[in-house]
Amino acid sequence: MPLNYAAVERNANKYIDQSLEWQAEARRLARELNGLYEQAAQDSKTLRQAIEQAELTQAALYTAKPSHEPPLASFPLPARPLNFTLLAADGSQIVPNRHRALQFGLINIGIFKVHFGSGQPPMIDLISELLDFDQLFIDGSLISEDEVGLQRDLRERVLIRESITSEDPRPFLTLTDGPLDLFYRSSIKGEAAQDAQRTVWELDQNFEREGILSAGYIDKPGSTMFANMLDLYQKHIQNTPTNEQKKPKLISDSALLKDRLEPGHRSALFEIITKRTPANPHRLRCAFFFLNVANPHGKECLARVEVPWWLAQKRELVDLVHAILYHDAQTLDSHPYPYALHRAHELALVRLTETEELERLLLSKMPPDTPETNHRSNKDHWKGQK
Amino acid sequence: MSASPKIIPIGKLLRAENSRFVAGCRVKELETPALGSLVKVKLEDQSEIYGLITHILINDDNLVRQLVSGVSIPSEYTADNRYNRNLPVEIHVLTVGYAQNGQIAHRLPPRPPLSLDQLFLCDDADVRQFTSQHGYLRHILRLQDQPIEELLAAHFAQVKPLQTTEWYKTACEKVITLLRDDYAQLTKVLDVLSELETE
């Protein structure tokens, strides 16, 4: 029996009670913060001041900042162009595992490019890169999942750039899963993080010159940027020091926006304020909006869409991203999610069977009497037994 | 049998047993194979296994099911599912004979083909040679849960222009003989063959 169901059952009722209690508290907090949100939105000058002050005084920050658009504004679905190019990329990886017979790592990137209006099948590409043996170790230790993930994300961005040709119809939108910047990999410190951010920033500079649009799509977002923003606002109007250690009341941005956006509508644009010490001057400046990707009669379904700051300054470009993403998500309308991104993920996904196949291939190339290889750990052996 | 320069590869073997096998191909390769067509698989020992396409199956998956129920699908995404996605079209083949050392036999082969063996569409010369005798027809008439009359009609429509009038007459007599104890099936076969004669 894989689970002791009797023991789980004993705790299940307690778990449900705690969960319902937490949900009730979250609803109460949402009501409270909604009131504060409306107050702050009416007083957006003070709201902006509060954030700017925090930017000067706080060492670390992750919050939203209102843009030129009124914070409570909602924008209906704009028209989509007939001809454009949409390129989605996604990646997966094999993380080296010391329990296997061989330590190896792989990055697998799926590229899916569609020329809308052509009627032609999309162009698909799969790039599989086995990591060099030298890349598997940092200071003598095997690299972590985050480190392989960072290499994958960077490679994904570079391959997107390489997949754009002058023959591709414009406008051209590139789409990735998750935030546009790479700050979220908190376990990677120092130069590696700064170098990665610089590469992303340089790629975006190039995109800006060429007018290539890019967006990061975050499904079921759990971010709390609005709650952080409102906490700064409240402290500002109450003259409480912003660096006071009292934890803010956090509820997710999507809970705060609940019932504010009609299907197809987007929220106002906000700037993402992220600050870490030491500050990185070559870092992508991003904005975001929330988009209700539900079909016209469907249940609310909010996604966060991140775009570069330069793109956010041009309403016609924001409209393009808004329209293209909504329509693409409607292709899978029972569970709206961009079709192009789903296909890129489908292309890139590395399954356990492929990992094992690759290990067999590498082992077959290894001389049979090579010491230190050819056997898995005993733990891994027994885990593999049915 | 000697290799013909005109034979067209149409798929690769997914699974097989002595009396039937299944090949997979992509939708874009689906223009050539048709119901009732004579096909063959070449084995490593140079022998060949012949078969008739008994049905062609278009597979689905969760994504296709979602797209079918969706409001509208851009034509580019319809093309994506037809030409890019890894959903093989299944070609089901009834084994009707084999060739070894240049000799054609209308019996089941000693062993089935192997997975990933290539499936070819027979060219006219192959069809003429394999069907010159009528023994293979018994394999078709033994089929269960298949519209035998439709399969026969499709096959005869392919072979008739390549063979003599006498061949077709003998083939019909052979079918009548083999189905003499199954009046219901015989009636259906004669009905569809009469339709073929008026074309």
Side-chain angles (χ1 to χ4, degrees), chain A residues 77 80-88 110-126 168-169 173 175 263-264 293-298 323-351 353-354, chain B residues 8-17 21-34 44 56-91 112-119 121:
Chain A
L77 182 66
R80 184 180 55 162
L82 290 175
N83 299 298
F84 61 96
T85 303
L86 175 61
L87 185 154
I111 303 272
F112 182 86
K113 182 164 76 172
V114 203
H115 290 165
F116 275 97
S118 71
Q120 293 300 308
M123 283 145 276
I124 56 174
D125 202 2
L126 180 64
D168 293 319
L173 173 63
L175 181 61
V293 288
N295 67 54
H297 310 291
I324 290 172
L325 290 187
Y326 180 77
H327 284 289
D328 208 51
Q330 287 305 293
T331 303
L332 304 174
D333 66 343
S334 72
H335 298 80
Y337 184 78
Y339 177 90
L341 212 44
H342 171 71
R343 285 284 286 120
H345 173 75
E346 192 178 63
L347 286 169
L349 186 66
V350 181
R351 293 182 177 81
T353 49
E354 282 123 15
Chain B
I8 307 165
I10 53 172
K12 288 192 177 119
L13 263 281
L14 289 168
R15 53 189 180 272
E17 54 184 276
F21 48 91
V22 180
C25 75
R26 286 172 177 261
V27 175
K28 64 182 168 192
E29 295 163 331
L30 193 58
E31 286 164 12
T32 40
E44 277 185 10
I56 298 170
L57 184 69
I58 313 287
N59 276 305
D60 69 349
D61 68 357
N62 285 338
L63 183 60
V64 174
R65 277 194 283 276
Q66 162 64 43
L67 291 172
V68 163
S69 59
V71 180
S72 68
I73 313 166
S75 56
E76 292 80 7
Y77 287 170
T78 303
D80 179 45
N81 277 275
R82 287 187 181 160
Y83 301 114
N84 286 341
R85 294 193 70 239
N86 191 23
L87 279 178
V89 173
E90 285 189 3
I91 301 172
L114 299 175
S115 52
L116 300 181
D117 273 342
Q118 231 175 350
L119 182 71
L121 193 66

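Just so we're on the same page: letters track the sequence lines, and every chain starts at 1.
The greatest number of non-hydrogen atom pairs below 4.5 Å with chain B, out of A:M123, A:R343, A:H327, is found for A:R343.
A donor-acceptor pair is defined here as one N or O able to donate and one able to accept, closer than 3.5 Å; such a pair exists between the side chain of B:E76 and the backbone of A:G119. The backbone N or O of A:P121 lies less than 3.5 Å from no partner atom in the side chain of B:N84, so there is not a single donor-acceptor pair.
Around CZ of A:R80, the count of heavy atoms belonging to other residues, nucleotides or ligands within 6.0 Å exceeds 12.
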Assess whether side-chain contact (heavy atoms from CB on, under 4.5 Å) is satisfied between A:H342 and B:L63, documenting all intermediate values.
-> CA-CA 10 Å; A:H342 171 71; B:L63 183 60; 3.8 Å; yes
Would A:F112 and B:D80 count as a side-chain contact (heavy atoms from CB on, under 4.5 Å) if you check the C-alpha gap in whole Å, the side-chain angles of each, and the deciding distance to 0.1 Å?
-> CA-CA 10 Å; A:F112 182 86; B:D80 179 45; 3.4 Å; yes
Walk me through it: do B:L67 and A:L332 pass the test side-chain contact (heavy atoms from CB on, under 4.5 Å)?
-> CA-CA 7 Å; B:L67 291 172; A:L332 304 174; 4.1 Å; yes
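Heavy-atom distances place no part of B:R82 under 4.5 Å from chain A, backbone and side chain included. When heavy atoms are compared at a cutoff of 4.5 Å, A:D328 approaches chain B solely by way of its side chain, counted from C-beta outward.
B:Q66 has its side chain out of reach of A:T331: every pair of non-hydrogen atoms, C-beta onward, lies at least 4.5 Å apart.
Between B:Y77 and A:F116, the ring planes are perpendicular. Angles over 60° get that label, and only those under 30° would be called parallel.
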